[in-house]
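Letters go in sequence order (proteins before strands), and every chain restarts at 1. Values in this document were obtained by computation on a predicted structure and should not be read as measured data.
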Amino acid sequence: MALQLQKELNPEQADAAATISGPVLIIAGAGSGKTRMITYRIAYMLEQGISQSEILALTFTNKAASEMAERIRLVTGKPMNKLTASTFHSFGLSVLKRNGSYLGYSKGFSVYDQSDKMGMLKSSLVELRIDPKSEDLYALSELISSIKTGRLQFSADTSEYKPLFKEYNSHLKLYNAVDFDDLIMQPIALFQQFPEILELYRKKYKYILVDEFQDTSIQQYQLVKMLSCNHRNLCVVGDDDQSIYSWRGADFRNITNFEKDYPECREIKLEQNYRSTGTIIQAANTLIKNNKNRKKKRLWTGDEKSGIIALSHPEDESEEAEFIADKIKEVMIKHRLRYDNFGVLLRTNNLLTAIEHAFLSSNIPYKVSGGQSFFQRKEIKDIIAYLRIMANLDDEMSLLRIINTPKRGIGKTTLQFFRKLSDQKNCSLFSAITASVHAADTGIRESIRRNSSELIDFINSYREQLFSRKKLSTVLTSMLTDISYKNHIISEHPDNDQLAQWKMKNVDLFISILDRWERNPDKKGDSLYDFLGSISLVGKTEPDQEAGKVNLMTVHASKGLEFHTVFLAGVEDHIIPHKRSLEENPDNIEEERRLFYVAITRAKNNLYMTSCRTRKYMREVIETIPSRFLEELPSDLIEQPGEDTVADVESAANYFDQMRQRLKAGVP
DNA sequence: TGGGATGGGGTTTTT
DNA sequence: CCCCATCCCA
């Protein structure tokens, strides 16, 4: 059955979907049916006889990648097991897994996340005899990242960190580990050093598509360019107005670079919005017009002016949360909606708690995406560290993590001794401990030698089992029993049994995730290495297809999603736009505005914004100021409860004035 | 020397 | 409010 692009898509979408060879730049406004277009485009390619294995589709999140494959499967009715749809990072990981040995990585190398990275930085500083407390670790990790990706060069005031940079990288190598930046930079290095490997990838992936192109970094674009510069079948899809990841290296100038690199490219704009009511679109357009740095486009919709945008000013965050809870119930009944038609969006994760409390006490089912990932939780990271050290004996960060979890009687001093030894012999910590427990004259006390020796034997024995024929989940379960991990959890929370129970539930959940992964017939023959790889890049908790729950998330996490009714909480200056963001660079105001734009355009029908008058921050209650972006919205579109429109606009203006006075007076 | 108790400080967003 | 670091005791 032939696909009928003209019937399924509007003329621009159909044009974009049918243009499968040569470079194409598609500017797709919010809600313009981008995903639908991409789905049909790939389905159409397959219909034209291009095989799945020749297509590389790069997306921004794992969720987007799996959804893309699923949608194509639904349209074509065929399984998509040969299609490569993944994030840049997981693509990079797969390249390294296959070819890492060329760069000196051995099988089972570890992938370090942000917190591992911080830990590495801290110990590198100690090694260089710099007090970690005197440094801003977060800023340092950004610096390291920028240098590594070539975004920044060492300058006069940063050159003092050259040794740190060197130390950090050589330790990564020593631990047989890579960080997130390496997942992009090492494949590039590999392709540069071994053109014959690059050639293989070029031959394989004849058609490349990049989604969320505005959020790719210069390096990610470089990687794509390397792969596609011969056949030039590169399609990039993006919207500069929704670029919200510049802090992570995203550079929407890539869009202009693309036009330069591929002068023959076709450019197609999707500007018709199918998602939102006219009110929402008008507000969004008015807001984003204030950004100087953007491509000309104007989103339009057939809808005239239905839908609601409302603003209210609760006293504090608990009143705000209650308002949202009550409003959800009210709107749900009025419009006969389900809970999952609602999205509650927040600029920062710490605004989450108040909302969760309110939802719990008014029995509103909800799910949180974003925030701390399941795999980032302490108890889960502990278990992963056990698996990682067994997969990769050089993995020092993991060894350090588990060495006294639970307590094993190996303390600071002993550890220092071992680390010094590993440094002297330029070997891994694990080898250093092994050597020292077997040496005749160890220089350590007998009881400690015994403890350490037990640990080494423990790791070796379970390592062996994990690579035997046994089921991983079975081995893991017996290992956790062996170390009485659950008792450890209980002893960590002597006065909070509920928390301990919750953590144990997480542990069980992890085991069942492993179990399910092992049972998956696609993963047959895969090993512990593959499992660790597969979880190392999973950001958020997988959306368990849980229907019937209110969606609670950060604005960043909401990109690409839509809800009948959206709540945007904490619409206050210092939150959105965020204080720190502006402190870093006043130009960030445009990115903050884009964030606000993304939030607004998630709404199909209604948008309820709340701006508290006071808010608790850390320990103190502070007076807040309504977000400056509120003034950029057309005031006649905004309802404020309990007042008629004219008085409303006036009082809002007054309110802003008062607040500005207060701000000038120096009241925070 | 290890481990518990006590006090200080703090994440904007995430692959 | 919670997590981490340091200090001090056993």
Nearest-Å distance, [atom1] ([X]) to [atom2] ([N])?
X: A/I410; N: B/dG2; atom1: CD1; atom2: C1'; answer: 11 Å
X: A/Q114; N: B/dT13; atom1: CD; atom2: P; answer: 11 Å
X: A/I575; N: B/dT13; atom1: CD1; atom2: C1'; answer: 14 Å
X: A/D116; N: B/dT15; atom1: CG; atom2: P; answer: 15 Å
X: A/N350; N: B/dT13; atom1: CG; atom2: P; answer: 7 Å
X: A/I184; N: B/dT15; atom1: CD1; atom2: C1'; answer: 8 Å
X: A/N404; N: B/dG2; atom1: CG; atom2: P; answer: 8 Å
X: A/F374; N: B/dT14; atom1: CZ; atom2: P; answer: 18 Å

[X]/[Y] ion pair, N-O < 4.0 Å:
X: A/E591; Y: A/R594; result: yes
X: A/K381; Y: A/D116; result: yes
X: A/D573; Y: A/R628; result: yes

Test item: [X] and [Y] side chains (from C-beta on) under 4.5 Å apart, heavy atoms:
X: A/R347; Y: A/F596; answer: no
X: A/Y105; Y: A/K173; answer: yes
X: A/T614; Y: A/T624; answer: no
X: A/P577; Y: A/S627; answer: yes
X: A/F88; Y: A/T59; answer: no

- Query: Does the base of B/dT12 carry an N or O that pairs as donor and acceptor with the side chain of A/H578 under 3.5 Å?
  - Reply: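 No, the side chain and the base share no sub-3.5 Å donor-acceptor pair.
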- Query: Under 3.5 Å, is there an N or O donor on one side and an acceptor on the other linking the side chain of A/R347 and the base of B/dT13?
  - Reply: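 Answer yes: a donor N or O sits under 3.5 Å from an acceptor.
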- For A/R615, salt bridge (Lys or Arg N to Asp or Glu O under 4.0 Å) partners two or more places apart: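 Counting only residues at least two positions away or on another chain, A/R615 forms a salt bridge (Lys or Arg N to Asp or Glu O under 4.0 Å) with A/E320, A/E572.
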So [X], base contact, sugar-phosphate only, or nothing? Heavy-atom distance under 4.0 Å.
X: A/Q220; value: nothing
X: A/Y138; value: base
X: A/I448; value: sugar-phosphate
X: A/K122; value: sugar-phosphate
X: A/I244; value: nothing
X: A/T414; value: sugar-phosphate

Are [X] and [N] close enough that a side-chain N or O sits under 4.0 Å from OP1 or OP2?
X: A/T554; N: B/dT14; answer: yes
X: A/T348; N: B/dT13; answer: no
X: A/N349; N: B/dT11; answer: no
X: A/R248; N: B/dT14; answer: no

- Measure the distance between the ring centre of A/W247 and the centre of the six-membered base ring of B/dT13, then answer whether it is under 5.5 Å with planes under 30°.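 The base of B/dT13 is stacked with A/W247 (centres under 5.5 Å, planes under 30°).
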- Among A/D241, A/D239, A/D240, which residue meets the side-chain hydrogen bond (donor to acceptor under 3.5 Å, both in side chains) test with A/R294?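 That would be A/D241; it is the only one of A/D241, A/D239, A/D240 passing the side-chain hydrogen bond (donor to acceptor under 3.5 Å, both in side chains) with A/R294.
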- Nucleotide interval of DNA chain C bounded by contacts with chain A (heavy-atom cut-off, under 4.0 Å):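 Counting from the 5' end, contacts occupy C/dC1 to C/dC7.
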- Message: Taking the C1' atom in each of C/dC4 and B/dT13, what is the distance between them to the nearest angstrom?
- Response: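 The same atom, C1', in both gives a distance of 24 Å.
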- P-based separation of C/dT6 from B/dT11 [nearest Å]: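 Those two atoms are separated by 16 Å.
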Please list, for nucleotides 4-10 of chain B, all pairs of protein and nucleotide N/O atoms separated by less than 3.5 Å.
none

- On DNA chain B, nearest-nucleotide positions of A/G409 versus A/L595: which is more 5'?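 Its nucleotide being nearer the 5' end, the pick is A/G409.
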- Task: Return the 5'-most residue of the pair A/R580, A/F180 with respect to DNA chain B, ranking by each residue's nearest nucleotide.
- Result: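 Of the two residues, A/R580 wins.
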- Task: Step through the shown structure and confirm whether more than 12 heavy atoms of other residues, nucleotides or ligands are within 6.0 Å of NE2 on A/H357.
- Result: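 Not buried by this count: 12 neighbours or fewer within 6.0 Å.
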